[in-house]
Amino acid sequence: PEHQQLIVDSGALSHLVNLLRRYKDSSASRAVISVIRRAADAITNLAHENSSIKTRVRMEGGIPPLVELLEFTDTKVQRAAAGALRTLAFKNDENKNQIVECNALPTLISMLRSDDAAIHYEAVGVIGNLVHSSPNIKKEVLAAGALQPVIGLLTSCCSESQREAALLLGQFAATDSDCKVHIVQRGAVRPLIEMLHSPDIQLKEMSAFALGRLAQDTHNQAGIAHMGGLVPLLKLLDSKNGSLQHNAAFALYGLADNEDNVSDFIRVGGVQRLQDGEFIVQATKDCVAKTLKRLEEKIHGRVLNHLLYLMRVAEKPVQRRVAFALAHLCSPEDQRTIFIDNNGHILLPFFRLELLLGLLGSTNPKQQLDGAVALYKLANKAMTLSPMDAAPPSPTPQVYLGEQYVNNATLSDVTFLVEGRRFYAHRICLLASSDAFRAMFDGGYREKDARDIEIPNIRWEVFELMMRFIYTGSVDVSLDIAQDLLGAADQYLLEGLKRLCEYTIAQDVTLDNVSSMYELSEAFHAISLRHTC
């Protein structure tokens, strides 16, 4: 970063932009073409993760020649120009708008269909950065015909293009229900499910992300399960990667909303997987708990009848899974019908109970435990007159540094740069607060050893309030800042702060704004706010 700034402050950008314009010389030699390509690459590296330099490139007039170079005859120049635009578009709204105004979309969409993997990888990356957090540009991209070529990239030989395409489809599907349906109708589900089996962690993560967004539509939920998406998503719950695990859990939460999927969930052992999983972040635990609640709410009527049918005719392992699931999820009233009352079939209830009792005699300790827990659950339900939600477990005690250390240079060992101002912080407090900061300081990110860390996309007031929550455990969230604070809390995995923001926003949901509030809840996985809407 220091070298980036030094080079730009020495006046390099205007020269580099002039070099880009040399493509207008019709007699450009190979050497000149090479210079143009290297100038584009230099702009990419100078602007990488540096919001102020991205803006300066635009001010120097760098975007129009880069857009024109997308149509240059040399494919290496095309690729370099797309790479520069990709960097310039990332989290910079003014740059995004100028790229679109320069009519880059038709060429970028044509590049998506290129046989050259390097070309379509850069093109889908540019479009992904243009669309991110920009609903109007997303509409323009879809109107320009990007959907089918993006879906086509799901079967590309280039795993990076597949990953970017899956991410982009998830963004397309975020809020527009029609688009969710169109993505499925145009053939995206099967390749997305195939990607769940890939050895590439990031490919699986983005595929699960896209399927999770698509699974917010009732018919899509049934289609994804029918095409074989349920089992690989359940297997991903065993992942040690927190993001992958959470994306899979969110997709399963969507699939559980459709009655047609409930018996499939239970038949393949989904209830046991959801109950036995070791989940890394609290958001995933909450999502799994709500998935089990969804399944529980649907076990009645035709769903219950089909499960009882499976208990009569299916193979013994499936019968046991159904008995296990019903012991955990059915209501006390239905429990009597299933396991106790005869209803004219004197052997049926005994047979169903015997499925669980038989597990106690198994040589497999896991099956013994499953049987014991299921019987214990049945016994507890037999002693209650009506279903009751168990009290939530008491939260893990957390020690806070306190108000006096907020933005205090005393013993500070890390500084954040927010809107040009310094915010003093303490790594030990941040490490204790969320998985996002643990990943930042303990993982492979460049921030691990940095003294100064730039925060490019959060306002000072929002960042200060977020940090105040981290240091004290509570803040007053006003309506005027709640939406921005919700985005920051979601970005840094601060579930407690998210709930405070959701509560504040939920108090203001009206018929006039419910649509935009629903979109907000989808964008930041704010499940409580979504239910309110």
Side-chain angles (χ1 to χ4, degrees), residues 215 217-226 228-231 233-234 249 251-276 287-359 367 370-390 531:
D217 173 87
T218 301
H219 297 295
N220 289 355
Q221 293 157 1
I224 291 168
H226 177 72
L230 194 53
V231 171
L233 284 169
L234 286 166
L252 290 166
Y253 172 72
L255 298 185
D257 198 32
N258 191 306
E259 284 190 352
D260 292 328
N261 293 340
V262 175
S263 58
D264 287 333
F265 251 102
I266 292 171
R267 188 172 50 79
V268 299
V271 173
Q272 287 98 318
R273 279 187 178 271
L274 290 167
Q275 290 187 329
D276 297 343
C287 189
V288 167
K290 289 175 180 177
T291 301
L292 286 167
K293 188 69 177 172
R294 268 190 171 176
L295 293 171
E296 181 180 343
E297 290 167 352
K298 287 175 173 52
I299 295 182
H300 57 81
R302 68 182 179 92
V303 174
L304 180 56
N305 288 336
H306 183 60
L307 291 171
L308 295 178
Y309 173 76
L310 288 177
M311 287 179 79
R312 293 199 305 273
V313 304
E315 296 177 353
K316 185 59 71 73
V318 173
Q319 290 179 336
R320 284 176 172 166
R321 287 172 192 152
V322 174
F324 175 90
L326 290 176
H328 281 272
L329 301 180
C330 71
S331 68
E333 293 81 3
D334 286 331
Q335 173 203 320
R336 296 191 63 83
T337 305
I338 297 164
F339 293 103
I340 301 171
D341 292 342
N342 291 332
N343 288 334
H345 301 282
I346 194 163
L347 293 177
L348 279 180
F350 174 76
F351 167 70
R352 294 163 186 161
L353 199 57
E354 181 68 20
L355 289 170
L356 298 176
L357 292 166
L359 291 173
Q367 288 189 352
D370 285 347
V373 170
L375 289 166
Y376 174 71
K377 192 83 174 178
L378 276 178
N380 277 349
K381 285 187 180 183
M383 292 189 293
T384 184
L385 296 175
S386 62
M388 293 173 61
D389 290 327
H531 280 306

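These numbers come from the heavy atoms of this one structure, side chains and all, not from hydrogens, waters or symmetry mates.
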Whether Asp264 side chain and Leu230 backbone form a donor-acceptor pair below 3.5 Å: no
Spatial distance of atom CG (Asp370) from atom CD (Gln272) [nearest 0.5 Å]: 5.5 Å
Value rounded to 0.5 Å, distance of CZ in Arg312 from CG in Leu307: 11.5 Å
Non-hydrogen atoms of Ser263 and Leu310 that approach each other most closely: CB-CD1, 4.3 Å
Leu326 and Leu304, any side-chain heavy atoms less than 4.5 Å apart: yes
Student check: side-chain heavy atoms of Lys298 and Asp257 closer than 4.5 Å: yes
Side chain proximity check, Leu359 to Arg320, heavy atoms < 4.5 angstrom: yes
Close side-chain approach of Leu295 to Leu274, heavy-atom, < 4.5 Å: yes
Nearest heavy atoms of Leu292 and Leu329, plus distance in Å: O-CD2, 4.0 Å
Ring geometry between Phe324 and His328 (parallel below 30°, tilted from 30 to 60°, perpendicular above 60°): tilted
Side chain to side chain, Thr291 and Arg294, heavy atoms closer than 4.5 Å: no
Exceeds 12 heavy-atom contacts within 6.0 angstrom, atom NE2 of His531: yes
Exceeds 12 heavy-atom contacts within 6.0 angstrom, atom NE2 of His219: no
